[in-house]
Structures are given as C-alpha cells and as structure tokens.
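Since the structure comes first, as structure tokens, the remarks are kept for the end.
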Amino acid sequence: MQNMRILQLHCDYIEFSPVKKEIKSAEEIDPKPQHLDEVVVAFVAVEDGDNSEVAKKAMFEISESMKKVGCKKLLLYPYAHLSSKLASPSTALSLLREMEAKADGLEVHRAPFGWTKSYKVQVKGHPLAENSKTITAGEEKEATSEALKAESKIQSFWYIMTTDGKMHDVGSFNFAKHANLEVLAKYEAAKKRSVDEPPPHVKLMKKLAIADYEPASDAGNMRFFPNGRLIKSLIERYVTEKVVDYGGFEVETPIMYDSHHPSMESYFNRFPARQYNVNSEGKHLFLRFAACFGQFLMAKDFQMSYRNLPLRLYELTRYSFRREQSGELVGLRRLRAFTMPDCHAMCKDMEQAKEEFRKRFDLSREVITGLGLDESDFEMAIRFTEEFYNGNKPLIEELVSKIGKPVLVEMWKERFFYFVLKWEFNYIDNLGKASALSTDQIDVENGKRYNIEFIDESNRPQNPIILHNSPSGAVERVIYALLEKAAKDQKEGRKPGLPLWLAPTQVRVIPVKPEFLAHCEKIAEKLTESDVRADIDDKNESVGKSIRDAETEWIRYIIVIGEKEANASKISIRDRKTGGVRELSVDELIGEIKTETKGKPFIKMNMSRYISKRPQIMV
RNA sequence: GCCUCGAUAGCUCAGCCCGGUAGAGCGAACGCCUCGUAAGCGUUAGGUCGCGGGAUCAAAUCCCGCUCGAGGCUCCA
C-alpha cells in the first residue's frame, strides 16, 4: 500500500528560507528567503511506491479543497517528516514536479527539494484551514480515481426554467415568489448546506413510536415499531397498487450480487458507490443499492420482441443498502438500509421512451400527492445533457408546464452518467435541506451493459432504452417528509397530524367511567368490522387525561362514552381537525372516514385494542 | 474521512465549573378518587453515574486513554 501524505494549511502568509543542502541530490537553487501571502501550503511526503497516478489524484484533491476555501495560490512544500517510509529522493522530486505541472488554474510555487529550510507560517482560523490527506493508490482505489477524474470533467450549467419554457440564469432569477426553489437552487448549485440543529422529525418519529435508531445494528439501519411498520405497510401497498394500475409487473430479486460479475464490474468502474460488502465462500458480494441489478439480470434472460415493449418491471426493495457516510445519516432522511419502490421500463426506442416517461411523470405526481404531500411541498429539478435538450425541447417544456411553477435545471455539456434526462421532486425540510423523493431517468447505457436484448421489426437484436422510476422515493423518506410537514404545521400554529389513512389509530373510544367499557367495546367492534382502526382507552384515568393522551398521539377522532351516549344512537365525537365536538351516529362517522380515505389501502390495527395492554414504547 | 458535542433511573434531563449520603419530572407497580372533552391524589420500586487508568484521605464531579452515540462538514451515479 502506497500513501502520499499531505498536510494542507490555508495561511495568511508563509516565509521560508533554504539554509543548507541536506542531501547530495538537492536541487540547485539560489538560497534566498521567500514570502507568500494568502496561500495554501501543502506539506508533502512522497512514500515508497507512490506513482504518477497518486500524484495526479493528490493534485486533484488539493485543488478541490482549494476551491472550497476560495484560494488559488499553492505552495508545494517537500516535507519528509510526515512519513517513515519515504520514497527515494529522485522519485519524490519527479512526482512533486508532476504535481506542479498538473495544477491547472492555480498559481503554484514549490519550496526547494533536499534543503534544510527554516519557515514561519500564520495559519488561518477557519474550519477548513487545516486538513490532512493520505492519497492511496492500489487496485480498489484505482476505479474510484478513474471515475473521479472523469467526474471532474463534468461541467454543469444551472438555470431556472419557467412554465413558458424559457431558461433563466440562476444568479439573476427573481425568487421572490419561489422561496423553496431558491433554497433548492442554493442547495444544489451553490452547495450551501450548513445548519446547526437536528431536524424536527427525529423527535416526532420517536414520540409517535414510529421508528428509532437501533444501536446494535449499523448506523442508518432503523427499527420500526408497530406504528411505523403499519405506516410503512400502507405506503408500500399504496405505491404498489398505483404502479400495478400503471402496468408494472411486480417481481422480487436478490439483495446481494457478485461484485466480479462482468456487468457489475463495468458498472462499478464507472459509478463507484458506497456499498456494504459481504464475503462468503470466497465470493465478494455486495448489497444492492437499487433494484436495477436484479431487474436487469432478469430482463436479460427474457426473450423479448419489440411487441413486448414497453416492459415494466417493478420491485419494492426492502431493503436497498447504501453505505452513506456516518455523518450524513439523520433520522429518516437518509438511511443505510431503506425501502425503495423501483420501476424500470424497457422501451424499444427513444420515441417510446419519451411517451412512457410522460406517463410515469403523471403517475409520480399522483402518487406523491396521494401520499399527502402537496405540490407546494416540493420543488422539481430537471437535469439533461445539452444535446438531449436541443433535440427534445418540447418534452422538457411539457413537464415543466405540467408542474405549473419554475423548475431548477442542470445542464451538462456532455453525458457523463448513464442517463440523458432525469427529473426529481425535492422535499425542502424545516432546515432548508433538500431531499429527492420521486425521480425518473432515461438510461441509454445499461441495456447494453447488461446485454438486455429484444428483436426489432427487422428481426435485428437491439438493446432497449431503460427508464428508472421511483414514483414515491424511499418509503422511509416519505415518512420523513410527512413528519417534517407536520412539524412545520406545528411551528406555524396549526395542529400537526398524519393523513387519516395512515393514522395508526383513527378513532379512540374513551369511557367516562369503567362501567361504560362494554358500550365502548360495542362501538369499537362496529368500527373495526367496517375497516376503521379504533381502540379503547381502558386505563381509568380522568377523561381530561385520556383526551390529552389521545391528542398527543395525534388521533383524529375521539369518542367519549358516558350516561348520555349509552342510551342514545348519537355519540359525541371530538374532531381533532376542528377541536370541536359533534353529535353523530357511528354509521355517519364511518361514512365520513370512508370518504376521506377513499382510494387508499386499509390494514387492521397493529396493536392491542386496549391501551392498558400495550407496552410503553416511547414517552 | 474531518470537526463538535454527548453518555447519570425505562424516558427526558439536573447535579460536574467550585470533589464529601444519587436528584426531579414523566413513565411503571399498588392503592384512593369515578371523573364529560388537553395533565385528580398518594405510596412504592427502580441507578456498576458508558468502560479502563491516574492524581486525591475522598471522584458522577479533576486529568489521560478507549468505546459507543448524536449533530454538522465533505459526499450523495
């Protein structure tokens, strides 16, 4: 293993003067003192075995971090003391010279090699001023560095597209009526992402006994309590029903794959990912981060004609895994194990792909609003290559016009990723963080990579164009968005809540005294028979306390049963939405609930009907 | 990977600066009250103060190391 070591300091100034030659092969220079202001100093130790690849990568990393601190002046300072297994002086000097030559766009200085030098620095006091790097070559990192090099070539141009199809410069666009879009634009284009408090949904997910961290697992692998499991099941079922209505065929594929399978190898070389690795019986397996792998490998083995296309394969992956960096994992926003509905459509040509793309755009909008998020809750971003845009303006303009508000545009000069067009809906949370929910892509590369073939009209084998759509985004992230939305309501003085069809308890029945429990039981049973989730507070606390408990659990309907109700057909129903009490019959209440949850799946209550029987999960 | 913060009862936290008997609220168990739309009352149980070391007569408290967690940065095909 070879590791070039670099200590990088952003300095107000540095002064150094060569004192005497330390080694015979020291550079011949004029040993006069030098002074540089506003400079990044990189102390570099070249280790035995470092090569040009390492030098190139080191220079790339240095210039990336210099961009961040906004400094263009660099001093490369040979500094042996960072390593105990130094390269030979001749190698070290030649690599340093290579680094000097590779520093495009930077003003580079280099302290002389092989001299004892005295120096004086004043280091700046900001968080990114000091930083150390170890640059590693070696096989596994090779792929990463290839991809990184390629990625550094991508040039993005950011615009705002208005509903009339006009492109506006991000910098001069008037965001006055589009505050969230401005947040997204800053987030994406300017990479401004600093906040200083935890997002509010973290407390809510615990308080409502939905989910919590599991310390015994890896970070980002959550436990879901009965309430959370119920909510997830409902969302999963809803999304699946919608995709099946659209024409998707549900399949199931393995969660782990051989990294050395040729298709995987080629994919990883281009798109290095952070994945979990599992070694078993000499096989190097990785856990899937999307359903692509399984579905592509499956489609490859289908015998297909153009008459079978578009072919829509759908899987609800529980789970997909991505080994996100630990610091990035927060609550339900980003996880390492997540549930992802993933629907691919194999299309015979670009015309068919575009037609299909439109359908899925409508499907995604329907799903996301059906889940309880309004179009005002998210902002759309659309990304494409310049070439695709020039050839397909009407399609892009149609999507933007459908969404009815301005959209963030990222345009690439040339295609780097496997797709030519991609859009996503981004939820903007209370701290101004953007997270992608629904997304769709037009993939022009993986059909070939995975040898997926169909026979066209002229009896020739072709690779399909593949669309990658998640109509809702990760299910956990949908819950995150719903909770953040509720937190926002709370912050702005409205009562927070979940959509009625997702509420773990839809109706709570409270007896005034224990002697009315039997009557409560009758009502709860009737509600249950009509597919309404109802439970009974049999704890024999004061009515006030029981109502308070129900309110803090965000239960929409509260029925109090006393003397009056026991002898009448109408019952007192407290509706959390209004805070008022109404007199309704049980049938009328059922009717109201059915109307509000129309078109949504139903699952029976996932806890004991009697709350005295329930373990206390979260206080 | 980097930075910061944290770890005390089932949960949320106080105590730590300035060393000297382990605290509160919520929750739980038990009992009383039998109650009409956001907290009725009482009693009891419950703690290797994350782990290891150091200095001290004495450590939850001071010092060092470690582990785990959280938040942020970076990154996020």
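Atom set for the values below is all heavy atoms of this structure, side chains included, hydrogens, waters and symmetry mates excluded. To find a chain, count down the sequence lines: A is the first, B the second, and so on, and within it residues start at 1. Source: prediction; values computed, not measured.
Look at C75(B): it lacks any Watson-Crick or wobble partner with both distances under 3.5 angstrom. Under the Watson-Crick or G-U wobble criterion, with both distances below 3.5 Å, G36(B) is left unpaired in every strand shown. Within the shown strands, C66(B) is the pairing partner of G50(B) under the Watson-Crick or G-U definition, both distances less than 3.5 Å. Pairing for C18(B) is absent, judged as Watson-Crick or G-U wobble with the two contacts each under 3.5 Å. Across all strands shown, A24(B) forms a Watson-Crick or G-U wobble pair, both distances under 3.5 Å, with U12(B). A45(B) is unpaired under the criterion used here, namely a Watson-Crick or G-U wobble arrangement in which both key atom distances are under 3.5 Å. The partner of A60(B), taking Watson-Crick or G-U wobble pairs whose two distances both stay under 3.5 Å, does not exist in any strand shown.
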Next on the checklist: Let's go through Leu332(A) and Met222(A) carefully: what are the C-alpha distance in whole Å and the side-chain angles of both, what is the deciding distance for side-chain contact (heavy atoms from CB on, under 4.5 Å) to 0.1 Å, and is it a yes or a no?
Outcome noted: CA-CA 8 Å; Leu332(A) 295 170; Met222(A) 309 297 276; 4.1 Å; yes

Next on the checklist: Before you tell me yes or no, could you show the steps for Asp535(A) and Arg609(A) under salt bridge (Lys or Arg N to Asp or Glu O under 4.0 Å), namely the whole-Å CA-CA distance, both residues' side-chain angles and the distance that decides it to 0.1 Å?
Outcome noted: CA-CA 5 Å; Asp535(A) 57 19; Arg609(A) 175 181 292 178; over 6 Å; no

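Distance from the side chain of Ser572(A) is smallest to U37(B) among U37(B), A77(B), A70(B). Closest to the side chain of Glu563(A), out of G36(B), A39(B), A38(B), is G36(B). Closest to the Lys513(A) side chain, of the nucleotides U34(B), G71(B), G40(B), is U34(B). Each of U37(B), A77(B), A38(B) was ranked by its minimum atom distance to the side chain of Arg576(A); first place goes to A38(B). Distances from the side chain of Val330(A) to the nucleotides A77(B), A38(B), G72(B) place G72(B) closest. Of the candidates C35(B), A38(B), A70(B), C35(B) carries the atom nearest the Asn540(A) side chain, counting heavy atoms from C-beta on. In the set C35(B), A77(B), U37(B), U37(B) carries the atom at the smallest distance from any side-chain atom of Ile547(A). If you check A38(B), G40(B), C35(B) against the side chain of Lys495(A), the one that comes closest is A38(B).
Rounded to an integer number of Å, the gap from NZ of Lys545(A) to C1' of U37(B) is 15 Å. For the pair Leu421(A) CG and A77(B) C1', the interatomic distance rounds to 15 Å; values are reported in whole Å. Computed from coordinates, the Asp549(A) CG to G36(B) P distance equals 17 Å when rounded to whole Å. In this structure, the NZ atom of Lys577(A) is 20 Å from the P atom of A38(B), given to the nearest Å. Here the P atom of nucleotide G1(B) and the CG atom of Leu329(A) are 12 Å apart, to the nearest Å. The nearest whole Å value for the distance from the CZ atom in Arg334(A) to the P atom in A70(B) is 16 Å. C75(B) atom P lies 20 Å from atom CD of Gln275(A), rounded to whole Å. Between the C1' atom of G69(B) and the CG atom of Asp212(A) lies a distance of 12 Å, rounded to the nearest Å.
Only the C1' atoms considered, U61(B) is 10 Å distant from C49(B), to the nearest whole Å. Rounded to whole Å, the separation between the P atoms of G31(B) and G72(B) comes to 47 Å. Comparing G53(B) with G6(B), their P atoms are spaced 24 Å from each other, to the whole Å. Going from the P atom of U12(B) to that of A70(B) covers 13 Å, rounded to whole Å. A77(B) and U4(B): their P atoms are spaced 28 Å apart (whole Å). One P atom belongs to C5(B), the other to G65(B), and the distance between them is 14 Å to the nearest Å. Distance noted for atom C1' between C33(B) and C41(B): 7 Å (whole Å). Nucleotides G42(B) and U37(B) are separated by 26 Å at their C1' atoms, to the nearest Å.
Residue-level contact check: Val543(A) touches the backbone only, with heavy atoms under 4.0 Å from sugar-phosphate atoms and none from bases. The residue Tyr213(A) sits close only to the backbone: its heavy atoms come under 4.0 Å of sugar-phosphate atoms, none of a base. No contact: Glu214(A) has no heavy atom under 4.0 Å from any strand.
Checked for salt-bridge contact, Lys564(A) and Glu583(A) meet the test: a charged N lies under 4.0 Å from a carboxylate O.
A donor atom on one side chain and an acceptor atom on the other are not found under 3.5 Å apart for Glu424(A) and Ser438(A).
Taking the six-membered ring for Trp and the full ring otherwise, the centers of Trp423(A) and Phe361(A) sit less than 6.0 Å from each other. Under the 6.0 Å cut-off for aromatic ring centres, His468(A) and Phe296(A) qualify, their centroids lying closer than that.
Along RNA chain B, the nucleotide closest to Gly562(A) and the one closest to Gly220(A) are compared, and the more 5′ of them pairs with Gly562(A). Remark on RNA chain B: of its neighbouring residues Asp218(A) and Phe419(A), the 5'-side contact belongs to Asp218(A), judged by nearest-heavy-atom nucleotide.
The shortest distance between the side-chain N/O atoms of Tyr557(A) and the OP1/OP2 oxygens of U37(B) is not below 4.0 Å. Contact between the side-chain N/O atoms of Ser542(A) and the OP1/OP2 oxygens of G40(B) is found at a separation under 4.0 Å.
Using a 4.5 Å cut-off on side-chain heavy atoms (C-beta onward), Asp342(A) and Asn469(A) make no contact.
With a 6.0 Å radius and a threshold of 12 heavy atoms from other residues, nucleotides or ligands, Lys495(A) has its NZ atom above the threshold.
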